[in-house]
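What follows is a set of notes on a single structure, which appears directly below.
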Amino acid sequence: MDNPSDGSRRRFLLRAKDLLHMRHGALTQELSRTQAGFGIGQVPERLKPDATTTMVCGFCSTGCGLDVHMKDGKAVNLSPSRGYPVNLGMACPKGWESLTPLAAPDRATTPLLRDARGQLAPVDWPKALETFVARFKAIQEKHGPESVAFLSTGQIPTEEMALLGALAKFGMGMLHGDGNTRQCMASAVVAYKESFGFDAPPYTYKDFEESDVLVFVGANPCIAHPIMWERVCKNRHNPKIIVIDPRRTETAMAATLHVPLRPKSDLVLLYGITNLLLQRGFVDRAFVQAHTSGFAELAAHVADYTPERVAEASGISADVLEQLVQAIGTGKRVSFWWTMGVNQSHEGVRAAQAIINIALLTGNIGRPGTGANSITGQCNAMGSRLFSNTTNLLGGRDFKNAEHRAAVANVLGIDVASIPSKGSLAYDQIIEGVLSGKIKGLWVIATNTAHSWINQADLHDTLKRLDFLVVQDMYSTTETAVRADLVLPAAGWGEKDGTFINSERRIGLIKKVAKAPGQALADFYVFKAIAEAWGCGSMFERFSSPAATFEILKALSAGQPCDFSGIESYEQLDTLRGVQWPLPKGEVPRASDERRLFADGKFFHDDAKARFIFSDPTAMPEPTSARFPLLLLTGRGSSAQWHTETRTKKSDVLRKLHPSTPYVEVSPVDAKALGLGPSEWVRVHSARGAIEVKAFITHVVQPGQVFIPMHHAFTNRLTFAAFDPYSRQPSYKACAVRIERIEAGAAPLA
Ligand SMILES: Nc1nc2c(c(=O)[nH]1)N[C@H]1C(S)=C(S)[C@@H](COP(=O)(O)OP(=O)(O)OC[C@H]3O[C@@H](n4cnc5c(=O)[nH]c(N)nc54)[C@H](O)[C@@H]3O)O[C@H]1N2
Ligand SMILES: Nc1nc2c(c(=O)[nH]1)N[C@H]1C(S)=C(S)[C@@H](COP(=O)(O)OP(=O)(O)OC[C@H]3O[C@@H](n4cnc5c(=O)[nH]c(N)nc54)[C@H](O)[C@@H]3O)O[C@H]1N2
Ligand code: SF4
Ligand SMILES: [Mo]
């Protein structure tokens with residue numbers, strides 16, 4: 001960790017200090033504005049101190065509407081909005097409890113800087129900003145602009161994401177930034193872009209109610225998207241519900257047909273389905289002819305995927321395969337939904353495209369109750385897909401395209417030369433860069449890398465190699481924050497304004513209904529203060545507030561498939577209860593609108609056609625072996641737990657809704673072979689590490705497979721770092737492990 005010492009670095013420091021002193025007034029003003037409660041004349045006009053106000057939930061991508069009840073200018077309680085078109089008066093436990101984590105005692109309340117003794121100690125904002133600027137600039141000067149990177153999130157408002165992406169790349173000259181949406185959505189993004197010409201999930205939630213056949217692939221909405229599942233339950237067409245998942249999940253139990261395929265055999269199964277659909281004549285020839293390209297090549301490709309081959313790869317019998325084909329082929333309105341069981345795979349992009357192919361060739365797209373529908377995960381994953389300025393240039397554009405760069409420069413009023421002409425390294429490549437010493441400085445915003453990234457043992461060593469790690473989070477205790485050199489305290493959902501985009505492309509509003517603790521600032525104002533301290537504040541004057549930034553987002557979206565320039569204002573979004581893109585200028589939105597894409601059969605490629613894309617399956621990167629004979633799956637454990645649990649574990653109510661001890665699901669067959677009794681403590685080993693958990697013996701998992709929730713910090717000590725080659729999304733759901741009973745008197749794990 002070197003200190004700036006040479007002359008030019010000192011000059012930078014001085015400059016940062018001058019700027020800070022000059023702008024200190026503005027920062028202090030912002031701090032007091034942000035910190036002030038609503039009782040002292042700070043109530044935004046649309047919020048009355050003792051009224052109920054509306055906003056969307058800040059956990060999952062469903063984007064439920066919540067009515068927040070205020071007393072003396074503070075949120076005291078909330079209930080699900082009855083009139084909101086997403087959740088129709090329902091919320092899951094996380095939504096109900098979403099105010100609780102704001103009051104947790106481990107909130108980061110001041111910036112923290114690692115001192116000479118190696119302890120994180122409180123400092124004021126000017127000192128924090130000065131250090132941020134001096135250290136990152138010193139690294140950039142010594143090692144070049146590629147030596148500093150950022151990792152961001154799908155959990156802050158789009159306004160904040162866009163400001164962060166613009167500041168980091170155009171203002172601070174960082175070339176590389178990625179986010180936790182890589183862990184989550186990258187495969188769907190690449191699949192859509194290649195197949196449809198733009199990253200565009202086509203559906204509206206009404207489709208859950210209008211299908212006569214719903215096919216869920218690698219998705220467990222009962223746990224992960226409970227309110228979407230409630231919408232399925234409102235379907236009056238007596239639908240067939242097919243769940244393709246190796247585990248007999250809550251969703252699989254509620255299905256009419258559970259297809260327990262072998263993990264990572266989706267591609268073979270889906271090609272086998274495609275082959276039989278063609279053989280049985282279940283093809284919408286007119287649609288394929290008019291609106292797609294590559295059909296003949298696809299037909300030739302899938303011809304080899306016989307029922308025998310499918311059975312061998314996936315364990316799914318010819319009989320069940322035929323049931324699947326008949327359901328899809330004879331259904332009038334068939335919708336396909338996929339989530340992490342597909343995206344988190346070494347061949348996630350092609351598996352997603354195999355689903356898209358089936359929807360296209362059966363003409364199940366653009367009509368009510370149909371679609372090839374990727375369900376997103378985080379409250380604003382969709383915002384980050386369009387506006388994080390990482391892989392894509394702002395607004396779903398391409399860094400390599402000069403016209404796109406000019407359009408963005410024009411909207412932002414900045415010099416086009418400040419926009420890089422290439423995209424970022426992906427998350428794993430950034431981590432690899434840290435390991436190889438190319439990346440020396442890292443700024444982590446609203447993601448908990450040291451828990452959620454794959455293969456933690458290596459990652460923890462890798463993070464130690466950084467010269468400077470900054471973590472900007474609501475809490476000072478996260479696995480990543482405790483490793484930081486500098487912690488920047490952030491306001492969370494409920495303590496700031498902005499918009500999220502949900503899974504059905506609905507832009508929803510969040511509002512400041514509580515005051516952030518201590519010195520914590522909305523990320524938006526942290527970015528503004530950093531811009532000033534860095535000396536590039538004038539580039540971002542147009543980003544004067546979240547509402548002003550929303551105008552920039554509208555302008556950035558104009559002319560793109562995601563055009564929402566027709567939305568007037570935050571107030572209109574509030575009144576209409578969210579608006580789904582697209583809504584170009586001139587179109588008048590109505591509250592009852594349900595916007596579905598591709599009703600006209602026109603896709604976003606130049607020829608307006610969708611493409612059939614496929615390739616041969618590849619081997620699972622870490623198959624089981626004699627030493628590690630079980631396959632470990634990971635994922636969501638309960639509807640009350642959110643990821644790394646920095647928020648949900650702060651609620652007594654939510655903690656009561658899931659087992660308090662960490663567990664591994666083991667099939668009765670394997671438990672018997674291992675001589676395990678119920679709830680016995682076991683050690684789970686992979687080639688990378690070992691953890692201790694209780695055995696939960698259950699038929700949910702098949703013999704040969706085990707499941708551990710991702711919410712435990714140690715789960716990713718076991719996982720194997722393999723990635724999809726096109727999306728670079730980690731394959732979190734397949735690695736080889738062994739289970740051992742813990743003998744009496746055995747030494748505990750280090
Ligand atoms: N309660 C709660 N809800 C959440 C979240 C949370 O942390 N907690 N997180 C949100 C986020 S960011 C996301 S991305 C979503 C995730 O939502 P989901 O993807 O629905 O959740 P997961 O449990 O990760 O994975 C879904 C299923 O994939 C299955 N699976 C594993 N391997 C395979 C395979 O090879 N093929 C197939 N077909 N299936 C497989 C698993 O058995 C699992 O049941 O949830 C969102 N909602
Ligand atoms: N083994 C395994 N690992 C997985 C997965 C899996 O299925 N299996 N799933 C992956 C997926 S899909 C995902 S999305 C990732 C999620 O992984 P993470 O993004 O690491 O998980 P979170 O716990 O949501 O972390 C969000 C962080 O942001 C902070 N935060 C919340 N709101 C704000 C805010 O407004 N501002 C700031 N500055 N901070 C805030 C929270 O306190 C928390 O520390 O995990 C991935 N990891
Ligand atoms: S389903 Fe998702 S958006 Fe709705 S209340 Fe639960 S966490 Fe919030
Ligand atoms: Mo996710």
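All ligand and atom numbering here is 1-based and tracks the order in the structure.
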Original post:
Which of the atoms of ligand 3 are close to Gly95, meaning less than 4.0 Å from one of its heavy atoms?
Top reply: 5 (S)
Original post:
Does ligand 2 have an atom that lies less than 4.0 angstrom from a heavy atom of Ala491?
Top reply: yes
Original post:
With His451, which of Glu645, His711, Glu479 fulfils side chain to side chain contact (heavy atoms under 4.5 Å, CB included)?
Top reply: Glu479
Original post:
With a cut-off of 4.0 Å, which atoms of ligand 3 are near a heavy atom of Phe59?
Top reply: 7 (S)
**OP:** Could you find the nearest protein heavy atom to atom 8 (N) of ligand 2 and give me its residue, atom name and distance?
**Re:** Thr634 OG1, 2.9 Å
Original post:
Using a distance-only test with no angle check, is there a side-chain donor-acceptor pair under 3.5 angstrom linking Thr181 and Ser384?
Top reply: yes
**OP:** If the plane angle is over 60° it's perpendicular, under 30° parallel, otherwise tilted; pick one for Tyr203 and Phe208.
**Re:** perpendicular
Original post:
For ligand 2, which part of Ala490 has a heavy atom less than 4.0 Å away: the side chain, the backbone, both, or neither?
Top reply: side chain
Original post:
Taking Gln344 for the side chain and Gln183 for the main chain, is one N or O donor matched with an acceptor at less than 3.5 Å?
Top reply: yes
Original post:
Is Cys64 close enough to atom 8 (Fe) of ligand 3 to have an N, O or S atom under 2.8 Å?
Top reply: no
Subject >> Passing candidate, side-chain hydrogen bond (donor to acceptor under 3.5 Å, both in side chains) with Asp106, options Thr478, Thr646, Thr477 >> reply: Thr477
Subject >> Nearest-contact summary for atom 1 (S) of ligand 3 - protein heavy atom, Å >> reply: Ile227 CG1, 3.5 Å
**OP:** Please confirm whether the backbone N or O of Trp337 pairs with a side-chain atom of Asn373, one donor and one acceptor, at under 3.5 Å?
**Re:** no
**OP:** Could you pull out, from Ala516, Gly494, Ser452, the option with a heavy atom nearest to atom 20 (O) of ligand 2?
**Re:** Ser452
Subject >> Qualifying residue, where the test is side chain to side chain contact (heavy atoms under 4.5 Å, CB included) with Val123 and the options are Leu113, Thr110, Val487 >> reply: Leu113
**OP:** Determine, using heavy atoms of Trp642 and all atoms of ligand 2, whether some pair is separated by less than 4.0 Å.
**Re:** yes
Subject >> Nearest non-hydrogen protein atom, atom 29 (C) of ligand 2 >> reply: Asp473 OD2, 3.2 Å
Original post:
Between Arg717, Arg647, Gln344, His712, which one has a non-hydrogen atom sitting closest to atom 6 (C) of ligand 2?
Top reply: Gln344
Original post:
Will you find, in the side chains of Thr449 and Tyr427, an N or O donor that is under 3.5 Å from an N or O acceptor?
Top reply: yes
**OP:** Could you tell me the residue and atom name of the protein heavy atom closest to atom 25 (O) of ligand 2, and the distance to it rounded to 0.1 Å?
**Re:** Asn448 N, 3.7 Å
**OP:** State, without any angle test, whether Lys733 and Ser345 hold a side-chain donor-acceptor pair at a distance under 3.5 Å.
**Re:** no
**OP:** Would you check whether Lys496 reaches within less than 4.0 Å of ligand 2, judged by its heavy atoms?
**Re:** yes
Original post:
Do any of the N/O/S atoms of His225, backbone or side chain, fall under 2.8 Å from atom 6 (Fe) of ligand 3?
Top reply: no
**OP:** Provide, to 0.1 Å, the distance between atom 30 (N) of ligand 2 and the closest protein heavy atom, together with that atom's residue and name.
**Re:** Met474 SD, 3.9 Å
Original post:
When you check the side-chain N and O atoms of Asn380 and Thr158, is any donor under 3.5 Å from an acceptor?
Top reply: yes
Original post:
Between the candidates Gly377, Cys379, Ala446, Cys60, which shows the shortest non-hydrogen contact distance to atom 39 (N) of ligand 2?
Top reply: Ala446
Original post:
Which residue and non-hydrogen atom of the protein lie closest to atom 16 (C) of ligand 2, and at what distance in Å?
Top reply: His643 ND1, 3.5 Å
Subject >> Contact check, side chains of Thr53 and Asp67, non-hydrogen atoms, under 4.5 Å >> reply: no
Original post:
Is it the side chain (CB and beyond), the backbone, both or neither of Asp523 that lies under 4.0 Å from ligand 2, heavy atoms counted?
Top reply: side chain
Subject >> Side-chain ion pair, Lys512 and Asp497, N-O less than 4.0 Å >> reply: no
Original post:
Is the shortest heavy-atom distance from the side chain of Trp443 to the side chain of Phe136 under 4.5 Å?
Top reply: yes
**OP:** Enter the distance from Leu632:CG to Glu665:CD here, rounded to the nearest 0.5 Å.
**Re:** 10.5 Å
Subject >> Under 4.0 Å to a heavy atom of Ile156 - the qualifying atoms of ligand 2, by number >> reply: 34 (C), 35 (O), 36 (N)
Original post:
Just which atoms of ligand 2 are under 4.0 Å from any heavy atom in Cys184?
Top reply: 12 (S), 14 (S)
Original post:
In Å, rounded to the nearest 0.5 Å, how long is the span from OG of Ser545 to OH of Tyr525?
Top reply: 5.5 Å
Subject >> Test item: side-chain donor near acceptor, His643 and Ser452, under 3.5 Å >> reply: no
Original post:
Please state which protein non-hydrogen atom is closest to atom 15 (C) of ligand 2 and give its distance, to 0.1 Å?
Top reply: Gln183 OE1, 3.5 Å
Original post:
What protein heavy atom sits nearest atom 13 (C) of ligand 2, and how far off is it?
Top reply: Arg636 NH2, 3.9 Å
Original post:
Which atoms of ligand 2 are found less than 4.0 Å from any heavy atom of Asn180?
Top reply: 19 (O)
Original post:
When you measure from the side chain of Glu97 to the backbone N and O of Lys94, does any donor-acceptor pair fall under 3.5 Å?
Top reply: no
**OP:** Decide whether the shortest distance between a heavy atom of Gln472 and an atom of ligand 2 is less than 4.0 Å.
**Re:** yes
Original post:
If you measure every N/O of Tyr475 against every N/O of ligand 2, is any gap under 3.5 Å?
Top reply: no
**OP:** Starting at CG of Leu463, measure out to CG of Leu442 and round the result to the nearest 0.5 Å.
**Re:** 7.0 Å
Original post:
Quick one: which ligand 2 atoms are inside 4.0 Å of a heavy atom on Thr478?
Top reply: 44 (O)
Original post:
What protein heavy atom sits nearest atom 2 (Fe) of ligand 3, and how far away is it?
Top reply: Cys60 SG, 2.3 Å
Original post:
Which ligand 2 atoms, with their elements, are less than 4.0 angstrom from a heavy-atom of Met710?
Top reply: 2 (C), 4 (C), 5 (C), 6 (C), 8 (N), 9 (N), 45 (O), 46 (C), 47 (N)
**OP:** Under 4.0 Å from a heavy atom of Gly63: give me the atoms of ligand 3 that qualify, with their elements.
**Re:** 3 (S)
Original post:
Any heavy atom of Lys733 sitting closer than 4.0 Å to ligand 2?
Top reply: yes
Original post:
At a 4.0 Å threshold, what atoms of ligand 2 neighbour a non-hydrogen atom of Gly492?
Top reply: 35 (O)
Subject >> Winner among Thr646, Asn716, Leu718 once heavy atoms are compared against atom 41 (C) of ligand 2 >> reply: Thr646
Original post:
Cut-off 3.5 Å, side chains only: do Thr54 and Asp574 have a donor facing an acceptor?
Top reply: yes
Subject >> Nearest non-hydrogen protein atom, atom 23 (O) of ligand 2 >> reply: Thr644 OG1, 2.6 Å
Original post:
Less than 4.0 Å between a side-chain N and a carboxylate O, is that true for Glu209 and Lys234?
Top reply: no
Subject >> Atoms of ligand 3 close to Cys57 [distance to a heavy atom under 4.0 angstrom, numbered from 1] >> reply: 3 (S), 5 (S), 7 (S), 8 (Fe)
**OP:** Name the closest protein heavy atom to atom 6 (Fe) of ligand 3, giving the residue it belongs to and the distance to 0.1 Å.
**Re:** Cys92 SG, 2.3 Å
